[in-house]
Amino acid sequence: MAVTTEMIKELREKTGAGILDCKRTLDATDGDIEKAAEILKEKGMASAQKKAGREASDGRIEVYEHPGNKLVAMIEINCETDFVARTDTFLGLCHDLAMHVAAAAPQWVSRDDVPVETLAEEKAKYADDVAGKPEHIVGRIIDGKLAKFYEENCLLEQTFIRDEEKTVQQLITESVAKLGENIMVKRFARFQIG
């Protein structure tokens with residue numbers, strides 16, 4: 001099938017990939033836009049993984065104020081350059097993540113930030129729950145409960161409030177793939193009256 005300019009434009013709008021990448025991928029998939037989008041998405045995710053180690057020393061502090069002025073969330077999100085920090089995609093990500101912090105009330109950015117004492121307390125609670133269970137499944141039960149704890153309390157592992165099909169980390173990874181720079185959540189704060 002011949003690849004048309006309209007097909008390339010549609011694929012670009014869907015994926016944010018470059019014109020040449022869109023054309024090559026459409027040629028390889030015989031004009032199948034959905035298949036091409038999936039290939040470009042996977043390619044972008046692989047590219048995002050490579051960027052994860054790069055220093056992100058620019059960025060933005062975003063503030064979300066919930067109507068009624070009784071709940072405010074602030075989040076610092078870093079990227080590599082001020083150019084990306086000013087893009088609509090980055091600004092939208094910052095706003096969405098600040099709103100997510102306000103709505104989901106995470107305690108820590110990632111599981112690495114959870115204090116050792118808190119983990120010990122959680123594991124002690126789970127030990128009571130698995131008392132009397134067969135030895136070979138106790139470890140898996142505790143691991144499953146810890147995974148749920150991280151999912152509820154760590155920002156990067158929480159389900160994104162605006163799209164229940166992805167986690168916050170997946171949302172950030174998609175943004176890295178679109179923008180071509182490493183993006184990291186540095187810290188956040190949430191204030192609520194009462």
Side-chain angles (χ1 to χ4, degrees), residues 41-64 66 71-80 84-85 89-131 133-192:
K41 183 178 177 185
E42 288 172 12
K43 183 179 176 184
M45 296 303 164
S47 171
Q49 297 300 335
K50 291 178 189 173
K51 292 172 177 48
R54 298 193 328 206
E55 183 178 347
S57 58
D58 213 302
R60 177 178 178 83
I61 295 174
E62 181 72 21
V63 178
Y64 171 78
H66 192 68
L71 174 63
V72 173
M74 291 175 41
I75 189 165
E76 179 184 347
I77 302 175
N78 298 128
C79 60
E80 295 176 43
V84 165
T89 302
F90 188 78
L91 295 175
L93 174 68
C94 293
H95 178 76
D96 285 348
L97 292 182
M99 187 178 1
H100 179 92
V101 167
Q107 300 296 309
W108 304 280
V109 174
S110 71
R111 61 175 60 194
D112 297 335
D113 300 328
V114 179
V116 175
E117 304 81 38
T118 303
L119 278 179
E121 289 171 14
E122 286 299 312
K123 287 179 180 178
K125 279 196 275 187
Y126 305 150
D128 293 340
D129 293 345
V130 296
K133 302 274 186 203
E135 219 27 67
H136 65 282
I137 64 167
V138 168
R140 287 188 297 193
I141 292 172
I142 290 175
D143 288 345
K145 288 181 178 278
L146 269 178
K148 184 71 172 166
F149 171 79
Y150 290 135
E151 187 180 310
E152 291 172 354
N153 294 289
C154 298
L155 173 66
L156 298 178
E157 297 190 32
Q158 288 182 326
T159 302
F160 181 49
I161 60 167
R162 298 182 88 187
D163 183 352
E164 294 185 4
E165 298 294 315
K166 61 181 85 167
T167 65
V168 170
Q169 181 61 60
Q170 290 168 328
L171 177 70
I172 292 170
T173 302
E174 288 175 4
S175 296
V176 169
K178 279 183 189 171
L179 295 169
E181 286 193 7
N182 188 21
I183 297 172
M184 303 171 29
V185 174
K186 184 78 168 182
R187 58 190 165 164
F188 62 84
R190 183 178 183 277
F191 302 96
Q192 184 171 5

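What you see is a predicted model, and the numbers here were worked out from it, not measured in a lab. Reckoned from all heavy atoms, side chains included, excluding hydrogens, waters and symmetry mates. Positions are given from 1, in the same order as the sequence printed here.
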Please give me the minimum heavy-atom distance between [X] and [Y], naming the atom from each residue.
| X | Y | answer |
| --- | --- | --- |
| G59 | A85 | O-CB, 3.8 Å |
| V176 | I183 | CG2-N, 3.6 Å |
| F188 | P106 | CE1-O, 3.4 Å |
| E62 | C94 | CG-O, 3.5 Å |
| V101 | A73 | CG1-CB, 3.8 Å |

Requested in this report: Please name all residues satisfying salt bridge (Lys or Arg N to Asp or Glu O under 4.0 Å) with E121, sequence neighbours left out, ordered by chain then number.
Outcome: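 So E121 forms no salt bridge (Lys or Arg N to Asp or Glu O under 4.0 Å) with any residue.
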Query raised in the report: Which residues pass the salt bridge (Lys or Arg N to Asp or Glu O under 4.0 Å) test with K125, sequence neighbours left out?
Result: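 By the salt bridge (Lys or Arg N to Asp or Glu O under 4.0 Å) rule, K125 matches E122.
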Query raised in the report: Counting heavy atoms not belonging to M99, are there more than 12 under 6.0 Å from its CE?
Result: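 Enclosed: over 12 neighbouring heavy atoms sit under 6.0 Å from CE of M99.
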Would you tabulate the side-chain donor-acceptor contacts of residues 138-155 under 3.5 Å, counting partners in other chains and residues two or more places apart, or write 'none'?
residue	atom	partner	partner atom	Å
N153	ND2	F149	O	2.9

Query raised in the report: Is there a donor-acceptor pair under 3.5 Å between the side chain of E181 and the backbone N or O of E80?
Result: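 Judged by distance alone, yes, a pair lies under 3.5 Å.
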Query raised in the report: Taking the side chain from R190 and the backbone from A102, do they hold a donor-acceptor pair closer than 3.5 Å?
Result: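 It does hold such a pair.
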Query raised in the report: Restricting to pairs with a member in residues 93-109, which pass side chain to side chain donor-acceptor pair (under 3.5 Å), not counting sequence neighbours?
Result: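 Applying side chain to side chain donor-acceptor pair (under 3.5 Å) to every pair that reaches into residues 93-109, excluding sequence neighbours, yields D96-R162, H100-Q158.
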Report task. Return the set of residues passing side-chain contact (heavy atoms from CB on, under 4.5 Å) with V72 (not counting sequence neighbours), or none when no residue passes. Result ->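 For V72, the residues satisfying side-chain contact (heavy atoms from CB on, under 4.5 Å) (neighbours in sequence not counted) are V63, E65.
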**Report entry** Residue list, side chain to side chain donor-acceptor pair (under 3.5 Å) with E157, at least two apart or on another chain
**Finding:**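 E157 satisfies side chain to side chain donor-acceptor pair (under 3.5 Å) with R111 once adjacent residues are dropped.
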Requested in this report: Dump the intermediate steps for side-chain contact (heavy atoms from CB on, under 4.5 Å) on L156 and T167, then the final yes or no.
Outcome: CA-CA 7 Å; L156 298 178; T167 65; over 6 Å; no
